[in-house]
Structures are given as structure tokens and as C-alpha cells.
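One-based numbering, in listed order, for ligands and for the atoms of each. Everything quoted here is computed from the prediction, not taken from an experiment. FYI, side chains are in, hydrogens and waters are out, and symmetry mates aren't considered; it's all heavy atoms of this structure.
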Amino acid sequence: MGIDKLLDGVQVASIVCNQWGDTGKGKFSDYFSEWADVIARGTGGNNAGHTVVVNGEKRVFHLLPAGIVYDSEGKFNILGKGMVVNPKVLVQEMDEIIDAGKTIDNLMVSRDAHVILDYHVGQDKARYESQGNGGVGSTGRGIGPCYSDKVGRRGIRMFEFLDKNILSSKIGKVKDFYPNQKIDIEKIVEESRPFARRLFPFVSDTDAEMQTFLKQGKKVLLEGAQGLLLSVEHGTYPYVTSSDCSLNGTASGVGISSRRIDLPLGIVKFPFMTRVGGGPFPTELGGVKSEKYCGESGHELENELESNGIYFTRHGEGIKYDSSHPRILKMIKSEDSFVRGAGMRLAAGEYGATTGRPRRIGWTDAVALKYAVGINGPLMVLTKADCLSNKGDFEICYEYATSMGFSTRFGTDEGFLRSVKPINKVYEGYGDIGDVRSFDKLPKSFRDAVGDLEKFTGGRVAMVSVGAERDATIVR
Ligand code: IMP
């Protein structure tokens, strides 16, 4: 089936992640932004980071929806009320877009989005519970403290940030909640004015705008952030972010009902998955050793290449190396699962877009995915499968061994998830799939695994991504 058929009769589409984030939402936001008139984000802040490849050029955004590259074509980009927005970061991203020769004329920021100020960031960093020491390992961007103020009913919304008297009075009320932060109200208010002036023309009642867009028949794309297993409602609490990044949370964050969504897509890394930050991850290769290692600094891509003797070159901010280097292949074939995971990380280039941290690696967990499909809906998009081309056999987990027997049920409880042993089914490895453009042409073992996954989760694979470029996409 072609993309036109998939989008036939669709007014609202959404892209959320069914795992722990970093599944390649950016590519699909970009893909569907071509179709949409309005692209909206509803949750999170600059803890997210998505990489979009446009005309061979890589761009990483933390706040702006991927559709911003189409702003000059008259598409609207919305930062919804469910988001937490750091004005400095937003202005910086706006400037970057302008410097790249694009426009931000149609950018809209919700008046009700909560604002991240320096003391939120300071608090997040001060309280930084490192992943290496068993903590959540936040991105340190002030996300948690800002959402805490929001649910504590003392947060500062964008329209309040714009008015210096309101801002000053609101900071005065919140100050006592940050006894360890230096809060000089006058200084904060003064320093915030240039940002307030820049943002003022873009701030509006985006909920109302969204209702108008829907009535006008405009096509809308909702762009999720993070992933279901990181949702404060549905994720592996307390190892989660502070927003509900499920399908429902994303819709709510832009002021619409999820019942309005005609095409809800859940992105799934396959046949491996990743996690950044601390918390249980049943299928992780290398277990707690990997969790600790990935939480320490000094293991960024460059360091890992150097320590494994793999030659690389620098291209601007990026690093180029042979992801099929014999040393990487040897690591992937290792008997030691930690080394195997490290090899897969190098093969797939799994390093955080926001923090540069190495991502923890494990085989795709169908038990967790069944849980995610129950909440985010059945339609799935598989990503990153091409990274394991020519890398040997692959595995998928369909069951956990527990102290009480076998279980095919996911639970968000840390004790449970840390105690289970994944039972994996092994599939024959596959060769190059980067040039495949139809589902039937994918290797048999891959299609078998997709069939098993669908049967087990009750979901349906609608698309498969076989490369970073927009056209490296199979629509089923
Ligand atoms: P926070 O969102 O910065 O508070 O971080 C809370 C947890 O969510 C940490 O484990 C982070 O690593 C994780 N996290 C936050 N944003 C992302 C993301 O975009 N991708 C993957 N993990 C994330």
C-alpha cells in the first residue's frame, strides 16, 4: 500500500513512541510534515531531541516541531499547552532556523505552556540523581522541577512570563520552594525581557487556534516526545519523565481529544531497542553493568571508537566511521552480552541527540510492546532495522521468566522488571535491506519476526523504516 492510501481520509495523524524514546520519531514527523498543514507538539520540552535529515543535512531540534523546516511553505508549527518551554532555548532554535535561511512566521507558542527558568535547571542539575548510582539520570534541563511547579499550582505560564510585573510576583511566590537556588527576582526579570520581546508575537491561545484549524479541514500532525515507557502515567515510574507522553497525553497537550486522531502511529525500534537514563530494562544486553556504564561520562561515541581502536574522521559536528568495521562485527558476535550490546550501539550509532550519552541496548521487548499497543493503539512503524543488516542472528523477547513461572505480562514495577529474565526467540540474520521499498521484498526471517510480533501484540505494522533518508521507507 502506498502512502496516499494510508493517508486517505485522514485529517489528524499522530506519531508517538512505544518504547523509551529515541526511536526515530523525527524522521516520521518530517515525513508526515510534508502532508500536514499544522504540526503540533503537546508534551515535554528540550529534554527531547530529534534528528531530521533534510537534503542530506542533519538537524537536531529540541523544542521546535520537525515541521518547522516547512514553515516557509505556510505550514503552522505549534508548541502546545502541555509543554514546558525554556525561552532561551526556543529563541536560540528560532535563530538557528532563520540562519539556515528558513522562516518562523507560522510558529505558535501556547500562552498556557509552562516556562522553564534558570532555577528549574539549577535544581534539576543539583538534584541530578545519576544513572550510575541507580537514579533516573534526568537530562538536566529543568523538566521535572518545572512540571512539579505546574502540578503544585505555582508554575509560570507563557502569558505570565511576558508581563514583567506578573513574572516578578509569581517568582516571589515560588522562591521558597527553591531554598538552595540563588533567586534574584529583579535580575531574572531583567534578563528575561529580550526573550519575552522576541517571543511575544508568537504566543497565542493555541487550543482555540487548533479548533479553528480542525473546522477549516486543515490536516494536523501531532508530534509526540519521549516514549510511552517514559510516561509519568504509564511508564516505568519513577524512572520516567514528568509528562504523559502517551497518545492521550500528546493529544491533551495540544487541546484535542485523542478520538480526533484518524491515524495514530506508534514508533518501535526493531529488532533492537534502547533506553537512555536509569531504570529497569529487562532485555538489556549487559544488564546493570551496561546501565551503570552508559550513565557515566566519558563513553560518548568518540571515546568508544577510540577505546575499541576504530578509525574515524570528524565532519563538522558529526563523526564518520565504518559501522560494519570488522572490530564492531566481532563485538556483536561476542559471547559477552555487554560487549555484544556495545557492538550493536556502535553499529547503530546509538548516542543521545540531547546529551551525547551512549544509549543502553537490548533486543526488542514484545512483552513491553504489547502493553504499549494497548495504550497507544495498534498501528506500528518499525525503525532502524537496517542498522542490523549483515550483523548476524537477531532476537525478540516474547516472554519473561519470573520467580513465579513464566509471564507474558508487562508491569511497571521496578522490582518485577529487574527480577525477570527475558525469553528470546532467535531469528536468522538478514542482509542489506536499505534499498528495499516493498514489504514483500524484505528477507523472510524479518517478515516472520514481524508476523510473530503482530500476533503477539495484537498490533499491525504499517510502515518500516530502512534508513535515515525520507525515501528509505516502506509503506505496507
Ligand atoms: P527528564 O525528562 O530530563 O526529567 O529525564 C527523565 C528520564 O527520561 C531520564 O531517564 C532521561 O534520560 C529520560 N528522557 C528524557 N527525555 C528523553 C528523550 O527524549 N529520549 C530518551 N530518554 C529521555
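Residue R141 has no N or O atom closer than 3.5 Å to an N or O atom of ligand 1. In terms of N/O distances under 3.5 Å, ligand 1 is approached by T139. For ligand 1, the polar-atom distance check finds no N/O of G49 at less than 3.5 Å from any of the ligand's N/O atoms. For ligand 1, one of its N or O atoms has an N or O atom of T241 under 3.5 Å away. Of the N or O atoms in V276, one or more lie within a sub-3.5 Å distance of an N or O in ligand 1.
Using a 4.0 Å cut-off between charged nitrogen and carboxylate oxygen, R314 and E302 count as a salt-bridge pair. Ion pair K25/E223 not flagged as a salt bridge, since none of the NZ, NE, NH1 or NH2 atoms sits closer than 4.0 Å to an Asp/Glu carboxylate oxygen. In this structure, R154 pairs ionically with D149, as a charged nitrogen and a carboxylate oxygen lie closer than 4.0 Å. For the pair D71 and K102, the salt-bridge criterion is not met [side-chain N within less than 4.0 Å of a carboxylate O]. Electrostatic pairing of E395 and R340 counts as a salt bridge here, judged by a charged N lying under 4.0 Å from a carboxylate O.
Ring pair Y400/F410 is tilted by interplanar angle, where 30° to 60° counts as tilted. Using bins of under 30°, 30° to 60° and over 60° for the plane-to-plane angle, the ring pair F76/F213 lands in the tilted bin. Between Y398 and F456, the ring planes lie perpendicular to each other; the angle is over 60°, past the 30° to 60° tilted range.
Put simply, no part of R275 is less than 4.0 Å from ligand 1, judged by heavy atoms. Using a 4.0 Å cutoff on heavy atoms, V240 counts as a contact of ligand 1. In this structure, Y239 has no heavy atom closer than 4.0 Å to ligand 1. Under the 4.0 angstrom criterion for non-hydrogen atoms, S242 is not in contact with ligand 1.
Under the salt bridge (charged side-chain N to carboxylate O under 4.0 Å, His left out) criterion, K81 pairs with D207, sequence neighbours left out. Considering only residues two or more places apart in sequence or on other chains, F28 meets the ring-ring contact (aromatic ring centres under 6.0 Å, His included) condition with Y31.
Under 4.0 Å from ligand 1, the heavy atoms of R357 that appear belong solely to its side chain. With a heavy-atom cut-off of 4.0 Å, L230 touches ligand 1 through its side chain alone.
Scanning V84, V232, D22, T274 for the heavy atom closest to atom 20 (N) of ligand 1 points to D22. Ranked by closest heavy atom to atom 18 (C) of ligand 1, the top entry among R360, Q226, Q19, R359 is Q226.
In summary, the atoms of ligand 1 found under 4.0 Å from a heavy atom of A48, numbered by their order in the structure, are 19 (O). Every atom of ligand 1 is numbered from 1 in the order shown, and the set under 4.0 Å from a heavy atom of W20 is 21 (C), 22 (N).
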